[in-house]
Amino acid sequence: MNRIGYACICLTLGNPPKGSGLPKITTNRTARKATWQREGLFYLGQLALENAKDLKRILEWNEKQGIRFFRVSSELIPWHDKYELTELPQYKEIANALFEAGEFARKHNHRLTTHPGPFHILGTVKSNVVDNTIIGLERHSEMFDLMGFTPSYQNKINIHIGTKADGKEVIAKRWIENYYRLSENCRARLTIENDDKASMYSVKELYELFHLEIGIPITFDYWHHTFCTGGLTEEEALRLAVSTWPKDIVPVVHYSESRKEEYKFLAEASKIKEQAHADYVYKPINTYGLQVDVMLEAKAKDLALLRYLELHPERKLHIV
DNA sequence: ATAGGTCAAGCGAGG
DNA sequence: CCTCGCTTGACCTAT
């Protein structure tokens, strides 16, 4: 099964027509630091509970569209790295809601993944940053545990290496040491992704410095690869990344297109960074005959995916 | 009700 | 030295 999915936000459900009276459905309710420190954990727990309930509603909507791949927001449980989940007064209700979402996903063969933010840096020399990273990654893993998922790359927790400050070999060594501080469940889900800067980590470097050492799978990002090829063609890099996944798990790839190109007719186009993601995607995605699940990283989220499926109706064959 | 200002996390790049 | 971009725009306050 080849799936195509979108990330974290369902614009359709999150922005109901004015006057429709429909509630906003979103998993991204959060609070600023000052607010929750003033209001306490009960406040955060309410947000988390509503987010968790809405996750299932989004999956139900996805199912109706034939979309069976979704990235779960890292903010579903706001500020989750600042406390134990069991400290939330609504913990049991949240756990139940997450389990229901997980049950729905299993029943309908949906794949759920996460992509913790760029502040999760396992290889940094700053020990407090590593400590926070470990807590954050564990929370993502706990969320999947609560959903009832057996630990596996099927529900991947995908991150970037994020630093090269004192040399990639040094970073890799430290990264791997810290990797073994993670729980087994978390490690069973953790994957790494190639970067969008020439100076950072290409697929080839991730393969040699990380995969060959600890067997961790590599998530291939088509768009990032164009900025950091490591001397490989797109097809070579894709095949190398795909080779790092266990045979019984469909590899995930990320796909997006250039915002600068998309808006080249605008005067402001010159200000858009080369790396910026487009709102929509237009070109057929070449998977070179490989079986992969494609995560679209487009600003227009579900709208971009639905339009892509209209542009390329043959794709629908791959998601049923 | 909405506009505009503001925000929590680490790092690298560009001005 | 400051700002942006990435992860994800959402929150909060004043009008």
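Below, read A as the first sequence line, B as the second, and so on, with proteins coming before strands; counting in each chain starts at 1.
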- How is the hydrophobic cluster of Phe227(A) composed, in terms of its other members, when Ile, Leu, Val, Met, Phe, Trp and Tyr link through side-chain heavy atoms under 4.5 Å apart, directly or indirectly?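 Result for Phe227(A) is Trp223(A).
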- List, by chain and then residue number, the residues other than Ile249(A) in its hydrophobic cluster (Ile/Leu/Val/Met/Phe/Trp/Tyr, side-chain heavy atoms under 4.5 Å); write none if there are no others.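 Once heavy-atom contacts under 4.5 Å are chained together, Ile249(A) belongs with Phe69(A), Tyr153(A), Trp245(A), Val252(A), Met295(A).
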- Note on the structure: Symbol by symbol from the 5' end, with Watson-Crick or G-U pairs under 3.5 Å, [ ] crossing and | another strand, DNA chain C is ||||||..|||||||
Just distance, no hydrogens or angles: give the donor-acceptor pairs under 3.5 Å from side chains in residues 127-137 of chain A, sequence neighbours left out.
from	atom 1	to	atom 2	distance (Å)
Asp131(A)	OD1	Arg181(A)	NH2	2.9
Asn132(A)	ND2	Asn128(A)	O	3.4
Thr133(A)	OG1	Ile121(A)	N	2.9
Thr133(A)	OG1	Val129(A)	O	2.8

- Message: Tell me which residues in residues 151-175 of chain A lie within less than 4.0 Å of DNA chain C, going by non-hydrogen atoms.
- Response: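 The answer is none.
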- Query: Which of residues 136-147 of chain A have a heavy atom under 4.0 Å from DNA chain C?
  - Reply: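 Of all residues in residues 136-147 of chain A, none places a heavy atom under 4.0 Å from DNA chain C.
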Check: residues 77-88 of chain A side-chain donor-acceptor pairs under 3.5 Å, at least two apart:
from	atom 1	to	atom 2	distance (Å)
Trp79(A)	NE1	Ala31(A)	O	2.6
Tyr83(A)	OH	Pro78(A)	O	2.7
Glu87(A)	OE2	Glu84(A)	N	3.0

- Task: State which residues pass side chain to side chain donor-acceptor pair (under 3.5 Å) with Asn15(A); sequence neighbours excluded, sorted by chain then number.
- Result: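 Once residues adjacent in sequence are excluded, Asn15(A) has no partner under the side chain to side chain donor-acceptor pair (under 3.5 Å) criterion.
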- Item | Segment of DNA chain C, first to last nucleotide, that comes within the 4.0 Å heavy-atom reach of chain A |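 Nucleotide range with atoms under 4.0 Å of chain A: dG5(C) to dC12(C).
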- Message: If you take any heavy atom closer than 4.0 Å to DNA chain B, which residues from residues 70-83 of chain A end up in contact?
- Response: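 Of all residues in residues 70-83 of chain A, the ones placing a heavy atom under 4.0 Å from DNA chain B are Glu75(A), Trp79(A).
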- What are the residues of residues 27-36 of chain A, sorted by number, that bring a heavy atom to within less than 4.0 Å of DNA chain B?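 Contacting residues: Arg32(A), Lys33(A).
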Side-chain polar contacts of residues 209-220 of chain A - donor-acceptor pairs under 3.5 angstrom, sequence neighbours left out - could you list them?
from	atom 1	to	atom 2	distance (Å)
His211(A)	ND1	Ile216(A)	O	2.9
Thr219(A)	OG1	Asn158(A)	OD1	3.0
Thr219(A)	OG1	Thr191(A)	OG1	3.3

